[in-house]
Participant: 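Please read through the structure below; I'll follow up with questions.
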Number of protein chains: 2
Amino acid sequence: MTKPRSRRGGGRPTIADVARKAGVGAITVSRALREPERVSEVLRRQIQAAVDELGYLPDPNARALASARAEVFGVLVPSLTNSVFAEVLRGIYDSLFDSSYRIQLGNTHYSGLEEERLLQVFGPQRPAALIVAGVDQTPTSRRLLETAGCPVVQVMETGPDPVDMMVGFSHFDGGKVATEHMIEMGYRRIGFIGARMDPRSQRRLAGYRAAMEAAGLFDARLITTTPVPSSVTLGRELFRDALAKVPTLDGVFCNNDDIALGALFECHRASIAVPKTIGITGFNDLDMMEVAFPSVTSIRTPRYEIGRRSVAMALAAIAGKRPQEPVVDLGFELKRRESTAR
Amino acid sequence: MTKPRSRRGGGRPTIADVARKAGVGAITVSRALREPERVSEVLRRQIQAAVDELGYLPDPNARALASARAEVFGVLVPSLTNSVFAEVLRGIYDSLFDSSYRIQLGNTHYSGLEEERLLQVFGPQRPAALIVAGVDQTPTSRRLLETAGCPVVQVMETGPDPVDMMVGFSHFDGGKVATEHMIEMGYRRIGFIGARMDPRSQRRLAGYRAAMEAAGLFDARLITTTPVPSSVTLGRELFRDALAKVPTLDGVFCNNDDIALGALFECHRASIAVPKTIGITGFNDLDMMEVAFPSVTSIRTPRYEIGRRSVAMALAAIAGKRPQEPVVDLGFELKRRESTAR
DNA sequence: CAATGTGATGGTAGCGCTACCATCGCTCCT
DNA sequence: AGGAGCGATGGTAGCGCTACCATCACATTG
């Protein structure tokens, strides 16, 4: 008489269809799908057969509404094109591939305001977990994270005051170690060149500064930065600026590998010997740094591993098994290469 | 008496709360939010005030369930780390930022099976649109796309038989133009080196082959490929292999810029003069190609624009304004640079 | 002035699923 | 033997929202 299926477009099978076909109650189908161990072997088999026959797939929206919890991981990164975050994402995706969790990815463009906006959007969806890059959320964002009612993992760096959990490493230490290495290799007038200068870059700069000051080599004129987004092109330009400003420059610690590559290319173009006349150190250790000529010293960062670990921690928290230590420092590794082998 | 809010965790305000506070029916609130022009000025104002005061945010899951349509764009790309797709994504995200659409991103790892799986997962969600990379879907995937009941945009390349809409360019032509350019510049023993060799790479190779054959220069031994994922490191290795196989090689058309960069670095390392002894052409024209020393000739591809356009087309289709021509060819541009300036 | 729109608003009935509680048959204990 | 305890199953009542249809005031028409 009534046509209850008429509104729904596809007329896809629902849990009621499966239940009817399997000769059980709808709730039993639901259980068989979500907690199989609570349903008897026999019914489970019947239900599975009905599911297969009908090609039933549960509606995630209805699930989310009924259970007040969506099987979604919300992920917030500041950039999609920065290969560093791309690798973190890869780790996250790989870790979640076998699960039934979907991923909703937001791009904050390094903006606190956009981050707030995206968290507002994620909130009503009741995600299963939230993974956000960085530790410098605005007060509003922080409150949104704290009241999200789900596990939250801040990734990329470690810090003192986690919203919930953290996975990363110390960018300050990274900058410090890189700089100390150059000092050790005999460089004295070591410049810092950096673009974007997001909070993590700032901390690398602070590490550089600490190392330079400790060695009595610090000179503010050695620092060349810009808020402009990083690129190889920009690296070249910044390097030229730095050299023009301080002609006695004998090394550069670059905020990231793109910048380092730009500096390296400029050295080639200007026939500046690397590592003899100028030493170069990058940050992140992208694949190409090892292949470059000369190969470029860099700080290897555990990007993929950060992605994997963040998911592992979130999943554990969802399962009620919170880690002892909420802050995980995955460290980094100095890769000594030709570009600083004076 | 009853505690109807007890199940729901946060006790967030619902549309009923807003309706009560504004002194109107729930449905009117719903309309005020979705089709403001259908609600009188006065009520609209009252409702807005109530929304602001309560901090009401609609539950997207309930919306999706009730309206049989989720405000979600499903996006499927084969790789997260390949910067080509990262830029397509950036275009998609930028185009959707002001809208209320969320984005759910799937990574197919260049696998037809994983693509099918992801489409299965996206389906029950009833996304507003689907954007998928490539035109070589498996029959199952194709069927899933055709029955998705929403606009579908295939991106990255153009082809003869769109599921629905397409935005991209001809990889065959790209390979052909690149190769013809090298022939024109006087190169004769031009190798093709490529990794991954996904369908788009195959078509670039076919373009290369067509150009070489037309010039009477084709020789199968000039082709060096591997199914291994592309990287700068791999580019270097493949280039060495190619040179070992054909010592008379005087140029290489590289499947992509990473490979080209690897080849360039190897030339530096082996003191092979570029472009004099060997010419190099890349594909995609990443930022660094212009900065490299020597700068590297490449095919500039409209990646960001593909992302933007795909969203524009999907949005138009959602609004019922399907484009005249479902297949949009955005073309490409040959960037002549030092690496082929013999 | 009755008949007929027309636009604004509201009520009802779900969307497909799961939380909660009830029921039922069985085992196991005293 | 009787009842507590337990595991398996099902019914009911929503989750928060929107599609559909009804209603109502007011304008328009001949």
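These values consider heavy atoms only, across backbone and side chains, with no hydrogens, waters or symmetry-generated copies. In what follows, chains are A, B, ... by sequence order, proteins preceding strands, each numbered from 1.
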Participant: Picking from dG16(C), dC17(D), dT18(C), which would you name as closest to the side chain of P58(B)?
Facilitator: dC17(D)
Participant: Determine whether a donor-acceptor pair (N or O, by modelled atom type, separation under 3.5 Å) exists between the side chain of R200(B) and the backbone of E157(B).
Facilitator: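 Not at all, since once roles are kept as given, no pair shorter than 3.5 Å links the two residues.
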Participant: Check this for me: R45(B), atom CZ, are more than 12 non-hydrogen atoms of other residues, nucleotides or ligands nearer than 6.0 Å?
Facilitator: no
Participant: Nearest-Å distance, CG (L65(A)) to P (dC15(C))?
Facilitator: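 Taking CG of L65(A) and P of dC15(C), I get 13 Å after rounding.
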Participant: Could you work out, with side chain to side chain donor-acceptor pair (under 3.5 Å) as the rule, every residue matching D52(B), not counting sequence neighbours?
Facilitator: Q48(B)
Participant: Tell me the interatomic distance from N61(B), atom CG, to dT18(D), atom P, rounded to whole angstroms.
Facilitator: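 After rounding, the gap between these two atoms is 12 Å.
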Participant: Does anything in residues 91-144 of chain A form a ring pair (Phe, Tyr, Trp, His ring centres under 6.0 Å)? List the pairs, not counting sequence neighbours.
Facilitator: F73(A)-Y101(A)
Participant: Using whole Å, what does the distance between atom P of nucleotide dC17(D) and atom CZ of R126(B) come to?
Facilitator: 20 Å
Participant: In residues 22-52 of chain A, which ones come under 4.0 Å of DNA chain C, going by heavy atoms?
Facilitator: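 Close to the strand are I27(A), S30(A), R34(A).
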Participant: For a quick test of reading the model, state the closest non-hydrogen atom pair linking E114(A) to N107(A) and the distance between them.
Facilitator: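 Between these two residues, the closest heavy atoms are OE1-O, 3.9 Å.
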Participant: Taking 4.0 angstrom as the limit, do E53(A) and K21(A) come out as a salt bridge?
Facilitator: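 A salt bridge links E53(A) with K21(A).
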Participant: Between dC15(D) atom C1' and I15(B) atom CD1, what is the distance in whole Å?
Facilitator: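 Nearest whole value for this atom pair: 14 Å.
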Participant: From CG of D59(A) over to P of dC17(D), roughly how many Å is that when rounded to an integer?
Facilitator: 16 Å
Participant: Can you measure E71(B) atom CD to dT18(D) atom P for me and round it to whole angstrom units?
Facilitator: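 E71(B) atom CD is separated from dT18(D) atom P by 9 Å.
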Participant: Of the candidate nucleotides dA19(D), dG16(C), dG16(D), which contains the atom at the shortest distance from the side chain of A66(A)?
Facilitator: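 Minimum distance to the A66(A) side chain belongs to dG16(C).
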